[in-house]
Amino acid sequence: MAADECSIRVVCRFRPLNDSEERAGSKNVVKFPTDQDETVLISGKVYVFDKVFRSDATQEKVYNEAAKEIVKDVLSGYNGTIFAYGQTSSGKTHTMEGVLNKENEQGIIPRIVQDIFNHIYTLDSNLQFQIKVSYFEIYLDKIRDLLDVSKTNLAVHEDKNRVPYVKGVTERFVSSPEEVFETIEDGKTNRHIAVTNMNEHSSRSHSVFLINVKQENVETEKKLTGKLYLVDLAGSEKVSKTGAEGQVLDEAKNINKSLSALGNVISALADGTKSHVPYRDSKLTRILQESLGGNARTTIIICCSPASFNESETKSTLEFGKRAKCIKNSVMVNEELTAEEWKRRFEKEREKVARLKGQLSRADAELERWRRGETVTKDEQVNLLETDESLLAISSTQSMSSLASAAALTTPTVGILAASAASVAATGSVVPVLAANIEEWDKERTTLYQQLDEKDDEINNQSQLIERLKLQLTEQDEGFNQAKKDNENLQAELNRLQQESESSKEEVKEVLQALEELAVNYDQKTQELETKSKENENLGQELDAKLTSLNGIREELESLREASQAQRKRFLDMILVLLRDVGDIGSVMGGQMNEQKKPTIENLDQAEEEFTLARLYMSKLKTEARTVTGRLTDLEVEKVNHQKGIEFKDKELDESRLLIQQHEAKMRSMLETMKELEEKKRNLERTHDTINEELVKLRAHGVVIGTGGSTSDVQKELNQQMEQISGQHQKQLTTLRDEIRSKESQMEILKDTLQKLQLSYEKLTGDFDKLKKEENEKSSKLQEMTLQQERREQAKQDLKGLEETVAKELQTLHNLRKLFVQDLQARLKKSQKQPEAEEDDLGGSAAQKQKISFLENNLDQLTKVHKQLVRENADLRCELPKLEKRLKATMDRVKSLEQALKEAKESAMKDRKRYQCEVDRIKEAVRQRNLARRTNTAQIVKPIRAGQNPSTITSTPIPTIRGGDHSAEP
Ligand code: ADP
Ligand code: MG
């Protein structure tokens, strides 16, 4: 159980000049003496290491000479550390990791892993191994778990043996190299995920791969543990060189801080005089505490660039290595003793203590004697060597007693203490006060450190707790919101589904109603159909009956037809008559038709030709009629003109008559006035005569009186009077005579005019008579024409009818012509023989004709009814599949609706179930989260038995590797 002193191994590896260095024209400033591989010369300065690997050293060589040993150590219960130190791109990662899946490019880690397992397979089968790995990085003095990204700031703790470890770091149990590689890959991908610039990040962070090997001898129950740290450090270059700024600078400082802490620790350890080693300055140094000056076999690989450009950096790296080389670790096997062993050891130690106590008391007694001034003889003196041993024994006993309660053995402090105590004892200057003081200080320091740790821990715990709680809170919030949303959604969906189900229920109801209606309808229809079909049957029967009667009638018809053939002759006669009529019309219309042949039985074969001839004539007639109508219209126009002229003349005549009458009236009035005047003249003459008589009388009287004297006066007076009167008369007479004369002249003029008028009247009447005559002539002509026209019209119509009948008959005739002609000829022959029989035949044929027409009508009606019935039947038949289809469709619709309803119900149920599940899940998740807060999940241990390659054994549930029986196992 004794601790072995051992120096840290420092090897140095130079990589080849890289492209950029070559491009920059950098020269190789490193020289390697040809005869040895421990030294390197750089600008004249010699550095000596345990090994110097030149640029051409292969990965395998580096592994074999720098790392391979450590496998055995770790499997023997020692701690081991390999870390790579050097500036960025000096080949640290290349050396530590290389390319994982390329055999030649593999670095130390994969080779070690492979070797560990391979080695286990060769060991004794009683050994059972448990291997677990951790992978983390230290960035800005924060430990980030690469196997669990949620662990971003892990704390470093000391276990009961005061060995620092990363608390809470993920430990993955592995049972094969592949699993280890998988773990490394996982860690690397996690590292990449969290980082934007991987190159920069990797150059500023330390990555630590920890392999923890625990073994147990199943027979002796002896347990050994070995921890192997494989560290790829951050770039060791000075910050100024990278030209970093801001946060990058901070980072760089921090990285350099941890690296300078490493440097300080190494310096302190290399110095050997300093009692305090500043492990606590950074997490890196705390983690590497055991590896540097503690219980670990440590190898430092110094990675360097050979380029002149990096010379100073290379030099400082080499200086670092040189310093580190001075460090001495005290290594021992990490053995876990059994209770029995502990007991034995305890007994041994007790005995030792008792012995030492005895020695001490003897020494004390001797001291007393010396102090009292007595001299002690050499024989009586206590043996110093013995004392030395005892002192050592005491210190170890102390440590033992302190560790009695613990499981493992030593701590570096104890080691240092022991070392210092030993040195103190060796020099012989034992100063109990100083020792006591040192002890006190040590104690105080440890307690203080402990406190510090605790505080650190608390802070860490609290912050982590806060983080966790925050995360939990947000998660729960999210979960709650999600659940709420889900709930709402589900509620809404449920409502919708309920509504849908309601509506579908209603729809189903409606559909059912409709269905019922349809069923009723269907029943009705089927009944109707039945009745119809019955009717149909009846009708069919009727039809059959009718058909039979029809057949009978047909037979009758046949017979009648035969009879009717006899009538053809009559028909021919009719045609002949008609043709004759046409001929007559022709003769009426013009003489052209006179030459028409009369149809005879002989030329009956040419009937068609004759008909065409008749048609020709008819067309001719038509054209003639057209010209006649043209002429007629002309005549009518002329007539109208004449009538107009007559009217005009009539008017004129009337006017002249009126004038004549007027003149006559005038003449009459004039004659009357002449008569009056004559009368007046006569009256006047009479009065003249009377007056003359009176005068004579008076003269006679005067002569009597004249003999007397006064008679002369009276006579005179009378004379005067007479003269006056006669003058008046004379005047009157002359005026009258004048008047008469004027009147007479007037009369003469009037007579003249009268004569003239009479003359003109006579002339007009003559004219009138002439016109009348003309008119009469014309009207007679017109009448004739219209008569002709009418006749023509009649003829035309007749012709048309004739044409139609002819056409109709022609068809039948055409069809039956030959037969008809033959028959006719036969009949003619017969009729020639029996001319009397014709009369009876004619009468019979009329009755037969009537009967035929009646029967035909009947047949027509029957066929019509039959057709109608058939149509109705067909319609009904057509309707039936439609109705059936509709019924089917409605049935289908009902079915689909029912299905939909069912589905909706099911989906609602499902949704409800899902919702319940979701709620349960959430509840469960919350519960588990709560649980997880309380307890850490247990790790499943995968023990590996030595001597077995688990990859070859598939049936073993727990892969174990047992030494020795590797080859024995299949
Ligand atoms: P670091 O991890 O120190 O920053 P890397 O290991 O990433 O440097 O190496 C930088 C580059 O140099 C890589 O491309 C790597 O392949 C190459 N390299 C490093 N060492 C060697 C070597 N010994 N032989 C060949 N190439 C090397
Ligand atoms: Mg790297």
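One-based numbering, in listed order, for ligands and for the atoms of each. Just so it is clear, the structure is predicted and the values come from calculations on it, not from any experiment.
When the ring pair (Phe, Tyr, Trp, His ring centres under 6.0 Å) test is applied to H119, no partner is found at least two apart in sequence or on another chain. Under the rule for a ring pair (Phe, Tyr, Trp, His ring centres under 6.0 Å), Y63 has no partner lying at least two apart in sequence or in another chain.
Ion pairing of R286 with E158 is present here, as a side-chain N (NZ or NE/NH1/NH2) and a carboxylate O approach within less than 4.0 Å. Between K61 and E65 a salt bridge is recorded (basic side-chain N to carboxylate O distance below 4.0 Å).
Residue Q87 places a heavy atom less than 4.0 Å from ligand 1. Residue contact annotation: G235 has no non-hydrogen atom under 4.0 Å from ligand 1.
Within a 6.0 Å radius of CD in E185, other residues, nucleotides and ligands contribute more than 12 heavy atoms. Heavy atoms from other residues, nucleotides or ligands lying under 6.0 Å from NZ of K325 number more than 12.
In this structure, the protein non-hydrogen atom closest to atom 24 (N) of ligand 1 is P16 CD, 3.4 Å. When hydrogens are left out, the protein atom nearest atom 8 (O) of ligand 1 is S89 CA, 3.1 Å; that is the closest non-hydrogen contact. Closest to atom 12 (O) of ligand 1 among all protein heavy atoms lies R15 CD, 4.3 Å. Looking only at heavy atoms of the protein, atom 6 (O) of ligand 1 is closest to H94 N, 2.7 Å. Nearest to atom 19 (C) of ligand 1 among the protein's heavy atoms is G91 CA, 3.5 Å. The protein heavy atom nearest to atom 7 (O) of ligand 1 is T93 CB, 4.1 Å.
Among residue pairs with one or both ends in residues 23-38, those qualifying as salt bridge (charged side-chain N to carboxylate O under 4.0 Å, His left out) are D37-K51; sequence neighbours excluded.
To the nearest 0.5 angstrom, E311 atom CD is 11.0 Å from S316 atom OG.
For an aromatic pair to be called close, the ring centres must be under 6.0 Å apart, and Y229 with F209 fails this.
If you check the side chains of S150 and R468, you find no donor sitting under 3.5 Å from an acceptor.
Geometrically, R13 does not engage F53 in a cation-pi contact defined by less than 6.0 Å to the ring centre and at most 45° from the axis.
At under 3.5 Å, not a single nitrogen or oxygen of S55, backbone or side chain, sits near a nitrogen or oxygen of ligand 1. Taking distance alone, with nitrogen or oxygen atoms compared against 3.5 Å, T88 stays at or beyond that limit from ligand 1.
Inside a 4.0 Å radius of atom 14 (O) of ligand 1 there is not any protein heavy atom. For atom 22 (C) of ligand 1, the protein comes within 4.0 Å by at least one heavy atom.
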- Take T170 and K151 through the side-chain hydrogen bond (donor to acceptor under 3.5 Å, both in side chains) test and state the conclusion after the steps. CA-CA 9 Å; T170 305; K151 295 170 182 173; 3.2 Å; yes
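Contact annotation for R13 and ligand 1: only side-chain heavy atoms (C-beta onward) come within less than 4.0 Å of the ligand.
Legend: protein N/O/S atoms lying under 2.8 Å from the Mg ion (ligand 2), waters omitted, number 1.
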